[in-house]
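Only one structure is covered here, and it is reproduced in the block below.
Just so you know, ligand 1 is whichever comes first in the structure, and atom 1 is the first atom listed for that ligand.
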Amino acid sequence: MKLLLVGEVRDGRITTETAELFGFAARLKAEVSMALVGNVGEFPAFSGRLYRANGGNEYDATFHKRLVLDAVERERPDAVVFLHSSLGWDIAPRVAFAMQAAQVSGVVGLDDGGYVVESCNGKMRRTVRPLTSRAVLTIQPGAFAPVATEGTPELIAIEAEPDSAIEFLGCIQPERGIDLTRAGVIVSAGRGLGSADRVELVRALADALGGEVGASRPVVDAGWLERARQVGSSGQSVSPSLYVACGISGAIQHLAGMKGSGFVLAVNTDRDAPITSVADVLAVADLAEFLPALTAAIRTRR
Ligand SMILES: Cc1cc2nc3c(=O)[nH]c(=O)nc-3n(C[C@H](O)[C@H](O)[C@H](O)COP(=O)(O)OP(=O)(O)OC[C@H]3O[C@@H](n4cnc5c(N)ncnc54)[C@H](O)[C@@H]3O)c2cc1C
């Protein structure tokens with residue numbers, strides 16, 4: 001199987017998630033080439049063809065799509081693989097349409113010759129198989145472990161007319177108010193809290209442990225905590241020595257941001273919640289009872 005991986009460049013560097021594309025390819029034992037758009041100082045180490053275009057630092061869907069299609073034309077892969085990122089989910093359908101190829105979005109696993117994708121907001125999984133001879137895939141960050149690759153790629157320039165219907169006006173930098181990446185202890189709030197006032201239970205435990213408060217995305221979307229506290233693929237990636245997940249199911253997008261944690265305590269009423277796959281200890285309990293009891297026990301020992 002031949003895969004054309006579409007790497008990503010941010011701030012002049014290849015993103016760390018790009019290595020997960022190689023992890024996906026390794027699981028399929030596929031032959032790989034890569035397309036890369038943007039000015040970078042160094043290239044990924046692998047043996048294969050690297051189709052690259054300088055410029056294109058300001059994202060433009062039409063231009064990027066044409067560059068990827070130029071690489072597709074030259075490489076003729078069985079599948080084009082993007083990350084399921086804001087770039088991937090914008091360009092992949094355009095490339096799939098141009099190739100008249102099936103598209104499978106947000107792949108989290110491989111099963112029996114098919115691709116596993118999540119549905120119902122991560123509560124279910126489906127396995128699908130493209131019926132076209134070629135396919136376009138996006139893979140969920142965090143789903144495939146990055147692999148170390150080596151070698152020197154053969155560089156091939158790709159080109160396209162920068163002919164767009166959209167003018168780039170500027171970027172808004174995200175708020176960088178709260179840096180969870182350096183926290184030694186993080187106590188994170190999940191939707192299982194049930195209501196905004198229960199955030200205080202999480203905050204009290206974080207204070208008792210001398211740690212920071214984190215959150216899953218629904219908690220942030222509900223406005224219970226600031227967006228800068230979100231942990232996960234579209235939030236911060238953290239690696240504290242202790243991570244306490246309170247009422248968090250363990251969706252792959254959340255695990256992507258916290259699986260580098262040292263010791264993981266999960267508090268959940270569901271003993272089969274996916275968070276058990278990364279938890280060192282699972283307390284099967286109602287957090288409304290468990291968190292105050294744990295906080296009080298820690299305070300008495302200090
Ligand atoms: C493109 C994309 C990017 C995303 N990025 C992120 C991201 O960066 N971070 C992120 O977190 N999510 C992200 N998500 C959302 C993600 O898919 C999940 O929907 C989300 O992580 C679920 O949050 P949760 O675990 O808090 O809620 P749920 O999945 O609803 O889980 C709630 C948990 O609480 C437990 N529970 C309920 N009541 C109690 C109680 N009283 N006591 C104890 N436990 C209880 C339940 O058993 C359940 O396991 C993203 C989704 C997409 C599509």
Side-chain angles (χ1 to χ4, degrees), residues 8 15-17 20 82-93 104-109 116-126 138-143 174-175 178 180-181 186-202 205 213-239 243-261 264-279 281-295:
E8 294 193 15
T15 62
T16 49
E17 291 82 8
E20 298 179 23
F82 293 86
L83 287 161
H84 195 71
S85 60
S86 52
L87 181 136
W89 69 57
D90 196 30
I91 306 190
V104 182
S105 294
V107 177
V108 295
V116 181
V117 295
E118 292 187 329
S119 58
C120 299
N121 212 6
K123 299 218 167 1
M124 290 176 67
R125 292 188 165 197
R126 299 183 298 135
T138 68
I139 63 161
Q140 193 63 250
E175 287 172 41
I178 302 152
L180 296 180
T181 60
I186 297 177
V187 184
S188 275
R191 181 155 44 195
L193 261 64
S195 58
D197 54 313
R198 288 196 175 157
V199 168
E200 288 316 313
L201 304 180
V202 172
L205 179 59
V213 173
S216 69
R217 182 154 136 178
V219 166
V220 168
D221 288 346
W224 298 351
L225 279 165
E226 309 93 306
R227 186 154 302 278
R229 294 196 183 273
Q230 183 179 318
V231 172
S233 59
S234 51
Q236 299 198 45
S237 288
V238 299
S239 50
Y243 189 86
V244 187
C246 309
I248 292 177
S249 60
I252 202 147
Q253 295 89 355
H254 190 82
L255 301 189
M258 51 65 74
K259 64 185 182 187
S261 304
V264 178
L265 164 64
V267 185
N268 204 303
T269 44
D270 177 6
R271 66 175 64 246
D272 297 320
I275 192 81
T276 51
S277 67
V278 296
V281 170
L282 170 70
V284 182
D286 183 337
L287 57 84
E289 292 169 12
F290 187 85
L291 295 186
L294 180 59
T295 305

Practice problem: Counting heavy atoms only, name the option from Gly192, Ser188, Ala245 that's nearest to atom 40 (C) of ligand 1. | Solution: Gly192

Quiz item: Does Ala288 have a non-hydrogen atom less than 4.0 Å from ligand 1?
Solution: no

Exercise. Kindly determine whether Leu83 and Gln140 satisfy side-chain contact (heavy atoms from CB on, under 4.5 Å), including the steps that lead there.
Key: CA-CA 6 Å; Leu83 287 161; Gln140 193 63 250; over 6 Å; no

Exercise. Search all heavy atoms of Thr138 against all heavy atoms of Gly88 and return the closest pair with its distance.
Key: CG2-O, 4.1 Å

Exercise. Answer yes if the side chains of Glu8 and Ser85 hold a donor-acceptor pair under 3.5 Å, and no otherwise.
Key: yes

Quiz prompt | Under 4.0 Å to a heavy atom of Gly235 - the qualifying atoms of ligand 1, by number | solution = 8 (O)

Quiz item: Which atom names give the shortest non-hydrogen contact between His254 and Tyr243, and what distance separates them?
Solution: NE2-OH, 2.8 Å

Quiz item: Any donor-acceptor pair under 3.5 Å linking the side chain of Arg229 with the backbone of Ile178?
Solution: no

Quiz item: Hey, does the side chain of Gln236 reach the backbone of Ala228 with a donor-acceptor pair shorter than 3.5 angstrom?
Solution: yes

Quiz item: Heavy-atom distance to atom 8 (O) of ligand 1: which of Gln230, Arg198, Gln236, Arg217 wins?
Solution: Gln230

Exercise. Find all atoms of ligand 1 within a distance of less than 4.0 Å from any non-hydrogen atom belonging to Trp89, and give their numbers and elements.
Key: 1 (C)

Self-check item: Location of contacts on Ala251 toward ligand 1, heavy atoms closer than 4.0 Å
Solution: side chain

Practice problem: Can you figure out which of Leu255, Thr269, Leu287 has its heavy atom closest to atom 36 (N) of ligand 1? | Solution: Thr269

Quiz item: What pair of heavy atoms forms the shortest contact from Ala189 to Leu225, and how long is it?
Solution: CB-CD1, 4.1 Å

Quiz item: How close does the nearest protein non-hydrogen atom get to atom 19 (O) of ligand 1, and which residue and atom is it?
Solution: Asn121 OD1, 3.6 Å

Practice problem: Measure from the side-chain N and O atoms of Arg125 to the backbone N and O of Val116, and report whether any donor-acceptor pair falls under 3.5 Å. | Solution: no

Self-check item: Minimum non-hydrogen distance to atom 46 (C) of ligand 1, winning option of Asn268, Leu291, Asp270, Val284
Solution: Asn268

Self-check item: atom 30 (O) of ligand 1 - nearest protein heavy atom and its distance
Solution: Arg191 NE, 2.8 Å

Quiz item: Is there a side-chain contact between Val284 and Thr269 (heavy atoms, below 4.5 Å)?
Solution: no

Quiz prompt | Atoms of ligand 1 close to Pro218 [distance to a heavy atom under 4.0 angstrom, numbered from 1] | solution = 20 (C), 22 (C), 23 (O)

Exercise. May I ask you to check if ligand 1 and Ser216 share an N or O to N or O distance below 3.5 Å?
Key: yes

Quiz item: Do you know the tightest heavy-atom contact between Gly194 and Trp224?
Solution: C-CH2, 3.6 Å

Quiz item: What protein heavy atom is closest to atom 31 (O) of ligand 1, reported as residue, atom name and distance in Å?
Solution: Ser249 CB, 3.3 Å

Quiz prompt | Any N or O of Gly247 closer than 3.5 Å to N or O of ligand 1 | solution = yes

Quiz prompt | Selected option - heavy-atom contact closest to atom 9 (N) of ligand 1, from Val231, Val220, Asp272 | solution = Val231

Quiz item: Taking heavy atoms and a distance under 4.0 Å, where does Ala285 meet ligand 1: side chain, backbone, both or neither?
Solution: backbone

Quiz prompt | Backbone N/O of Ile248 and side chain of Asn268: donor-acceptor pair under 3.5 Å | solution = yes

Quiz prompt | Closest non-hydrogen atom pair between Gly214 and Val231, with its separation | solution = CA-CG2, 4.5 Å

Exercise. Considering the heavy atoms of Asp286, write down every atom of ligand 1 situated less than 4.0 Å from one of them.
Key: 40 (C), 41 (N), 42 (N)

Practice problem: Search all heavy atoms of Val278 against all heavy atoms of Val264 and return the closest pair with its distance. | Solution: O-CB, 3.6 Å

Self-check item: Atoms in ligand 1 with a heavy atom of Gly190 nearer than 4.0 Å
Solution: 26 (O)

Quiz item: For atom 5 (N) of ligand 1, what is the nearest protein heavy atom, given as residue, atom name and distance?
Solution: Ser234 OG, 2.6 Å

Practice problem: Work out whether the distance between some heavy atom of Gly257 and some atom of ligand 1 is less than 4.0 Å. | Solution: no

Quiz item: Starting from atom 14 (N) of ligand 1, which protein heavy atom do you reach first, and at what distance in Å?
Solution: Gln253 CB, 3.6 Å

